[in-house]
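Note sheet for the following structure.
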2 protein chains.
Amino acid sequence: MNAFEIAGLVAATLTTGSFVPQVMHTLQRRSADDISSLWLVLFGTGIMLWFVYGLWLNSLPVILANAITFLLLTVIAWIKFAPRPAAEETA
Amino acid sequence: MNAFEIAGLVAATLTTGSFVPQVMHTLQRRSADDISSLWLVLFGTGIMLWFVYGLWLNSLPVILANAITFLLLTVIAWIKFAPRPAAEETA
C-alpha cells in the first residue's frame with residue numbers, strides 16, 4: 001500500500017468519522033436549524049448511491065464508509081424533522 | 001457506461017452539489033452553531049485527502065468533486081469561525 005492509498009483510507013475514515021462528533025453535537029443541542037434540509041436530503045441520497053456504487057465496485061471500504069455515514073445522517077434527520085416536544089410549555 | 005457507473009456519477013454530483021444549498025442556508029442565517037466545529041475540521045481534512053487520492057487515481061471526477069466541496073466548506077468555516085459583528089450593539 002503506497003502513500004496515496006493510505007491517503008484514500010484516511011480520507012474515508014475522516015469523512016465518515018466526522019459525522020460522529022456532528023451527531024453528538026446535534027443530540028446535545030437538540031437542534032439542527034443551521035443544517036439545510038436540502039443538504040440533508042441531497043447528501044443522504046448521494047451517500048445511498050455511493051453505497052450502491054460500492055456494491056458494484058465490490059469495495060468494502062466504500063460500502064462500509066457510506067453505510068455508516070448514512071446511519072449517522074438518519075440521527076441528524078430525526079432531530080431535524082421530528083416534531084419537538086413543547087419544552088417551553090412545561091418549564 | 002452502465003447503471004452503476006451512472007449511480008457513481010450521480011452520487012458524486014449529489015454529495016458535492018448538496019453543499020450549494022447548505023452554503024446558501026449558512027449565508028442567509030449568518031449562523032453555523034448547529035454545525036460541529038470538529039465535523040468541519042475532520043470533514044474538510046478528509047475532503048483534502050480525497051482530492052490528493054484523486055490526483056493519484058488521475059480521476060477528474062474525484063479531483064473536481066472534492067475541490068468544489070472544499071471551496072464550499074471554506075464559506076461555512078468562514079461564517080462559523082469569523083468573529084461576528086456586534087449587531088446588537090448598533091441596533
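Bear in mind that the values here come from a model prediction, so they are computed numbers and not experimental data. In what follows, every chain begins at residue 1, and chains take the letters A, B, ... in the order their sequences are listed.
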Identify the heavy atoms of [X] and [Y] that sit nearest to each other, and give their distance.
| X | Y | value |
| --- | --- | --- |
| A:Ala11 | B:Gly46 | CB-O, 3.5 Å |
| B:Thr15 | A:Trp50 | OG1-NE1, 3.1 Å |
| B:Leu14 | A:Thr45 | CD1-CG2, 3.8 Å |
| B:Tyr53 | A:Phe4 | CD1-O, 3.0 Å |
| A:Leu49 | B:Ala7 | CB-O, 3.8 Å |

**Request:** Using a cut-off of under 4.5 Å on heavy-atom pairs, state which of B:Gly54, B:Ser18, B:Gly8, B:Ala3 scores highest against chain A.
**Result:** B:Ser18
**Pairwise side-chain contact, A:Asp33 with B:Arg29, heavy-atom cut-off 4.5 Å (strictly under)** = yes
**Request:** Would you check if A:Asp34 and B:Thr26 make a side-chain contact, meaning some heavy-atom pair closer than 4.5 Å?
**Result:** no
Which portion of [X] sits near chain A, non-hydrogen atoms under 4.5 angstrom:
| X | answer |
| --- | --- |
| B:Asn2 | side chain |
| B:Glu5 | both |
| B:Ala12 | both |

**Prompt:** Do the side chains of B:Val20 and B:Val75 join up, straight or via other hydrophobic residues, at under 4.5 Å, putting them in one cluster?
**Reply:** yes
